[in-house]
Protein chains: 2
Amino acid sequence: MSSRPVLQPLERLCSLLRADVRQRGLAHGLQPVQVEALCYLASCNRYSDTPQAVTEYLGSTKGTVSQTLKVLEREGLVLKSPDREDRRVVRLRLTARGRALAGELSTPPLFVQALGDSQVDAELLDGELRALLVAAQRATGNRSFGVCHSCRFFRREGKRIFRCGLTEEPLSVADSERICREHDAATQAG
Amino acid sequence: MSSRPVLQPLERLCSLLRADVRQRGLAHGLQPVQVEALCYLASCNRYSDTPQAVTEYLGSTKGTVSQTLKVLEREGLVLKSPDREDRRVVRLRLTARGRALAGELSTPPLFVQALGDSQVDAELLDGELRALLVAAQRATGNRSFGVCHSCRFFRREGKRIFRCGLTEEPLSVADSERICREHDAATQAG
DNA sequence: ACAGATGGTATCGAGTCGATACAAATGGAG
DNA sequence: CTCCATTTGTATCGACTCGATACCATCTGT
């Protein structure tokens, strides 16, 4: 039996992924954290586009994230606008350039290729990793930041008509495919 | 189909792992990079205990790594000694404290628990991740840093007698279970 | 109306990291 | 043997991250 099963290859993959993101982000003058924040903003839903949500997602502090976002704003990648209902809150959205860059940076070409080259079943591996992720998030007490339609608050009211059971607001199909900070995995057996 | 299969959960697990290592390392006054270097040195073989090897392992630069190692030395966790054959080379080895700390930090308790809680088959997942890792290393042109006995240079000469086909030196059983910078995965079908 | 909680920003100091320059040792080519 | 390119490691600098602290504005509950 190899030492530290799962953990060791996971950490090595982490290192490689980070090195790759670092390199590709640097080509656009972005630090790794900034890339992560940008990619998050490109895939989060309307409940999750605030500095506070980014802070929880990155597992960082609000002060640090504030600086990160300031850079992204200065670079013309994100726009800040005050929330209408709560004027303490800032809403973040990507500019056209920001969206384009996020799309480019969110899929590391070399890893996509590696995934194809290796003989592993991507769908199977994806499922296992997500199961492990849910367990890890539960163990560490972190929010899950899952996709809306996999949340226990998600309600199906019609063929293409959904609703969030937490905010009671209607959701479009597009909404349901995005990351939500309020996401809570369905109660699982075990 | 969820967006970015495999990659998305992998990145989330990365973030959580890093946040966890950060927190536990900080309790001992160590930065994440320092923890990674320490854990590497705790599990590498005698061909791989130099600053250069650490540099390649971390995917960093020798200047940066030199600083990292200086800190670890100052903290009394690693010892430096000149190589006898090549006096440019520095050999790194852990002190008793360093070894103890590496052991403590290399197994994140919360993730081990999460791995148990989740219903995934650890051995199966481990195999898939290692396959993906090999493919990723090949794609990015990085060294594999695999365990000695899985290397194509590894030769079995007796029941418990091994030899490295690259250096032609004999290897103990303990040697064969450690990480080697010269590691090269066996030629694989496909 | 007021107190506490919440969301965000500003600033500071310790530390990372890439780049550059540099020193020491090795290994060939002549 | 001498010269020179290469390799290994260190020192230093500037841009940047990150945690901590302090601070302000706004919301919420009593």
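Note that the structure is predicted; figures quoted are calculated from it, not measured. Computed over heavy atoms, backbone and side chain alike; hydrogens, waters and symmetry mates excluded. Residue numbering restarts at 1 for every chain, and letters A, B, ... go by the order of the sequence lines.
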Checklist entry - For the pair made of CG in Leu69(B) and C1' in dG9(D), what is the distance, rounded to whole Å? => result 10 Å

Item to check | Residue met sooner reading DNA chain D from 5', once Glu85(A) and Lys62(A) are mapped to nucleotides | outcome: Lys62(A)

Checklist entry - Does one side chain, of Glu75(B) or His28(B), offer a donor that lies under 3.5 Å from an acceptor on the other? => result no

Next on the checklist: Is the phosphate of dG9(D) approached by Lys70(B) (side-chain N or O, under 4.0 Å from OP1 or OP2)?
Outcome noted: no

Next on the checklist: Using OP1 and OP2 only, check whether a side-chain N or O of Thr64(A) sits under 4.0 Å from dG19(D).
Outcome noted: yes

Item to check | Which nucleotide in dT26(C), dC16(D), dC27(D) has an atom nearest any side-chain atom of Asp86(B) | outcome: dT26(C)

Checklist entry - When the nearest nucleotide of DNA chain D is assigned to Arg18(A) and to Arg88(A) on a heavy-atom basis, which residue is associated with the more 5' position? => result Arg18(A)

For residues 79-95 of chain B, please give each side-chain donor-acceptor pair under 3.5 Å, one per line with the distance, not counting sequence neighbours.
{"unit_1": "Ser81(B)", "atom_1": "OG", "unit_2": "Arg93(B)", "atom_2": "NH1", "d": "3.4"}
{"unit_1": "Asp83(B)", "atom_1": "OD1", "unit_2": "Glu85(B)", "atom_2": "N", "d": "2.7"}
{"unit_1": "Asp83(B)", "atom_1": "OD1", "unit_2": "Asp86(B)", "atom_2": "N", "d": "2.8"}
{"unit_1": "Asp83(B)", "atom_1": "OD2", "unit_2": "Arg91(B)", "atom_2": "NE", "d": "2.7"}
{"unit_1": "Asp83(B)", "atom_1": "OD2", "unit_2": "Arg91(B)", "atom_2": "NH2", "d": "2.9"}
{"unit_1": "Asp86(B)", "atom_1": "OD1", "unit_2": "Arg88(B)", "atom_2": "N", "d": "3.0"}
{"unit_1": "Asp86(B)", "atom_1": "OD1", "unit_2": "Arg88(B)", "atom_2": "NE", "d": "3.1"}
{"unit_1": "Asp86(B)", "atom_1": "OD2", "unit_2": "Arg88(B)", "atom_2": "NE", "d": "3.4"}
{"unit_1": "Asp86(B)", "atom_1": "OD2", "unit_2": "Arg88(B)", "atom_2": "NH2", "d": "2.8"}
{"unit_1": "Arg91(B)", "atom_1": "NH1", "unit_2": "Arg46(B)", "atom_2": "O", "d": "2.9"}
{"unit_1": "Arg91(B)", "atom_1": "NH1", "unit_2": "Asp49(B)", "atom_2": "OD1", "d": "2.5"}
{"unit_1": "Thr95(B)", "atom_1": "OG1", "unit_2": "Gly76(B)", "atom_2": "O", "d": "2.8"}
{"unit_1": "Thr95(B)", "atom_1": "OG1", "unit_2": "Leu77(B)", "atom_2": "O", "d": "3.2"}
{"unit_1": "Thr95(B)", "atom_1": "OG1", "unit_2": "Arg97(B)", "atom_2": "N", "d": "3.4"}
{"unit_1": "Thr95(B)", "atom_1": "OG1", "unit_2": "Gly98(B)", "atom_2": "N", "d": "3.0"}

Next on the checklist: Rounded to whole Å, please give me the gap between CD in Glu36(A) and P in dC16(D).
Outcome noted: 18 Å

Next on the checklist: Heavy atoms from C-beta onward define the side chain here; which of dC18(D), dA11(D), dT10(D) lies closest to that of Val33(A)?
Outcome noted: dC18(D)

Checklist entry - Which part of the nucleic acid, if any, lies within contact of Ser60(B), taking any heavy atom under 4.0 Å across all strands shown: a base, the sugar-phosphate backbone alone, or nothing? => result sugar-phosphate

Next on the checklist: Within the 4.0 Å heavy-atom criterion, would you say Arg91(A) contacts the bases, only the backbone, or no part of the nucleic acid?
Outcome noted: nothing

Checklist entry - Would one find a side-chain N or O of Arg22(A) under 4.0 angstrom from OP1 or OP2 of dG18(C)? => result yes

Next on the checklist: If you assign Gln52(A) and Thr61(B) each to the DNA chain C nucleotide with the nearest heavy atom, which residue ends up on the more 5' nucleotide?
Outcome noted: Gln52(A)

Next on the checklist: Tell me whether the side-chain N/O atoms of Lys80(A) come closer than 4.0 Å to OP1 or OP2 in dT9(C).
Outcome noted: yes

Checklist entry - Taking only residues two or more places apart in sequence, or in another chain, which ones meet Tyr47(B) in a ring pair (Phe, Tyr, Trp, His ring centres under 6.0 Å)? => result none

Checklist entry - Counting side-chain heavy atoms from C-beta on, which of dG19(D), dC13(D), dG8(C) comes nearest to Gln67(B)? => result dC13(D)

Next on the checklist: What is the separation between atom CG on Asp49(A) and atom C1' on dG7(C), rounded to the nearest whole Å?
Outcome noted: 14 Å

Checklist entry - So what does Gln23(B) hit on the nucleic acid, given a heavy-atom distance under 4.0 Å: a base, only sugar-phosphate, or nothing? => result nothing

Next on the checklist: What I want to find out is whether Arg18(A) reaches Glu36(A) closely enough, with some N-O distance under 4.0 Å, to be called a salt bridge.
Outcome noted: yes

Checklist entry - Within the structure shown, what part of the strands sits under 4.0 Å from Thr50(B) by heavy-atom distance: base, sugar-phosphate, or nothing? => result sugar-phosphate

Checklist entry - Tell me: CG of Asp83(A) to P of dG7(C), nearest whole Å? => result 12 Å

Next on the checklist: Measure CG/Leu30(A) against C1'/dC17(C) and give the value in whole Å, please.
Outcome noted: 16 Å

Checklist entry - Rounded to the nearest 0.5 Å, how far apart are CD of Gln8(A) and OG1 of Thr107(B)? => result 12.5 Å

